[in-house]
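Reviewing the structure listed below.
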Amino acid sequence: MWKTIIRRILIMIPQLFVLSLLIFIMAKFMPGDPFTGLVTPDTDPNRIEELRIQAGFYDPWYEQYYRWITNALQGEFGDSYSFQVKVSTLIGERGLNTLWLSLLSVTLLYAIAIPLGIIAGRYQNSLPDKLIVLYSFISYAIPTFVLALIFLFLFGYQYPIFPTSGTVDVQYDPGTWGYFWSKVYHLLLPAITYAILGTTTIIQYLRTEIIDAKRMDYVKTARSKGIPISKVYTKHIFRNSLLPIAAFFGFTITGLLGGSVFIETIFGFPGMGQLFINAISARDYSVITALVMLFGFLTLVGSLLSDIIMSIVDPRIRIE
Amino acid sequence: MANIENLLTIKNLHTSFRIKDTYYDAVENISINLNKNEILAIVGESGCGKSTLATSIVGLHDPINTKITGEILYKDLNLAAISESKFNDVRGNDIGMIFQDPLSALNPLVRIGEQISESLVYHTKFTKEQRKERVIELLNQVGIPNPERVVRQFPHQLSGGMRQRVMIAIAIACKPAIIVADEPTTALDVTIQAQILDLLKELQAETKSGIILITHDLGVVAEIADRVAVMYAGQVIEEAPVEELFNNPKHPYTRSLLNSIPQMNSENEKLQVIQGLVPSLKNLPREGCRFSSRVPWLDANTHEVNPVLHEVSPGHFVRCTCWKHFDFESAEGGN
Ligand SMILES: Nc1ncnc2c1ncn2[C@@H]1O[C@H](COP(=O)(O)OP(=O)(O)OP(=O)(O)O)[C@@H](O)[C@H]1O
Ligand SMILES: [Mg+2]
């Protein structure tokens, strides 16, 4: 298994190389360059030209690519001109914010969706099942930004029980409990919004899986042993039904790390999604390329993670 | 057999499934009994209700879409009208079940040892150690080599024959008095089939249990059954000790089943089979002789209006009277 994992990681290298090449070329073709943004009515065009030459803007593309990729490999993506900090620092900061938000979102997501899916599947066609299905249809039908705005309006302004932006209150010092709670407090509203919107898929999936599993022969075998029905559910039905969800976990978590544009923007949460949007509107190419690279990397890691999880939870699967 | 001891008595059993708010009998008014130390074979074409009968005995039907009436008497219990939790004391403990396809009947995510010891947890007071010992003992008993290793394996790591042996170990874990086996060899290779049948016969001789063996393979019946009930469209249409049935089949359906076994020495003879299929549940005839549509050349008054089982010789029962007028020559003439 370790061998396979290492091989999979090695395969990621050429994949990432191709991705980096594509990203670099696309960035080159985009209109404008970092210096366009510096232009004010009283800048001397010659000065800008000088800067361009200095920055190697007119070097052959492969030389530029080489410079970019060798730096990138050392975690160095240059400076963000719109934020006036190093890209690595910027992404590190925002990434950490998004990481906390993702962890809380995923925890809430599973904490809501798994019990509901299990209840709906086990008591199919009962009143609770019907209510759960109704709930999941509603949460499916609501666009992200609508729910985010409703929550922001209700719990941020109308009944201001949650903060409406930021990640932590300024009066706390890092490392204290107050700081920690303030952080969680800021995360809660966006995390709940995310969790509610994500539940639909998991509930529906789990419900169908359980309903299918109930009809399986091995469930009949389990029942023919005379073990209590609750035990049949916990040991033979839920476990098997949770497999596909476990398999998808890798994608869910890495997908979340990409940040949610809508949620982060509406809740004023300085995470990856918001950064991405800001970078695009500011044509901050050093940030954009770094982010796209990172998202590509996360996708690859997600699929590897999913395969590893699968091979752990399902004895029939051995990753080859 | 000297002293026959009755184990299970089924009386007027109806098992019906709901299809769009109407219940249709898949098992219709079956009365039959199983004795100790006996293998009772139930035969019949696909869809005639064999599995439905087996599943009713073990109580595995989904109560929402299934209605069971009549009696299934075991000891002082009527299994047809017992609560789910009471049934759990009987299932696995007094009645074990073996399914057709051992691959789908074993949970792919649970180790073999755990799947076998599960019923021991609820039906015995064994300690964990004793359960482990018992599982090894069972695996030895069903002829699985290297049991210490197999307990830690998963179903997909075993061959089909080995899986069915594991299923048998599960069924006999608590030494049940009754074993219900629903086509236990159908999903297996021919050579493995014989081994599994031998094993069943061996275990039965050892434990003196009663086995209800469901099959559509008359070769299997000839090999190990003591008594046979032939089912057609949810009813038993003939019942007899095995030799009597093979030597002296009466009902046209039984005779056509027996005739449809190819004989080694009759290459030139035409296979004699009655045409047609078992009708689906919804379209099953519900009155008169259910078989009449498949012998249309027989005059209507050769059938009984409400066909019942008649004892034609000791222990040999045949439904309806049409068998007296049936022969294959007229069948060919009629075609
Ligand atoms: N759960 C169910 N709901 C509705 N109809 C059913 C159900 N189970 C079985 N039936 C129907 O009842 C009839 C008898 O089915 P059963 O499975 O008992 O046949 P069988 O004799 O075991 O056939 P086979 O040899 O194919 O296993 C069939 O017409 C089948 O379609
Ligand atoms: Mg069947």
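Naming: A, B, ... by sequence-line order, numbering from 1 per chain.
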key: Interface moiety of B/Glu84 toward chain A, non-hydrogen atoms closer than 4.5 Å   = side chain
task = Heavy atoms only: give me the nearest A/Pro315-B/Pro108 pair and the separation to one decimal.
result = CG-O, 3.5 Å
Heavy-atom closest contact (A/Arg223 atom, B/Leu60 atom, distance) = NH1-O, 3.2 Å
task = Can you tell which part of B/Ile95 gets under 4.5 Å to a heavy atom of chain A, answering side chain, backbone, both or neither?
result = backbone
task = Please look at A/Ile229 and chain B and tell me whether the side chain, the backbone, both or neither of the residue comes under 4.5 angstrom of a heavy atom of that chain.
result = backbone
ask   = A/Ser224 and B/Val58: which non-hydrogen atoms are nearest, and at how many Å?
value = CB-CG1, 4.1 Å
note = Smallest heavy-atom separation, A/Lys235 atom then B/Asn107 atom, equals O-ND2, 4.1 Å
ask   = Pick from B/Val121, B/Ile98, B/Asn88: which one has the most heavy-atom pairs with chain A under 4.5 Å?
value = B/Asn88
message = What part of B/Ser85 gets within 4.5 angstrom of chain A, counting heavy atoms only: side chain, backbone, both, or neither?
response = neither
query = Got a salt bridge between B/Glu118 and A/Lys231, using NZ or NE/NH1/NH2 to carboxylate O under 4.0 Å?
reply = no
ask   = Where is the tightest heavy-atom contact between A/Asp217 and B/Ser104, given as atom of each residue plus distance?
value = OD2-OG, 2.8 Å
Nearest heavy-atom neighbours spanning B/Leu106 and A/Tyr218 = C-CB, 3.6 Å
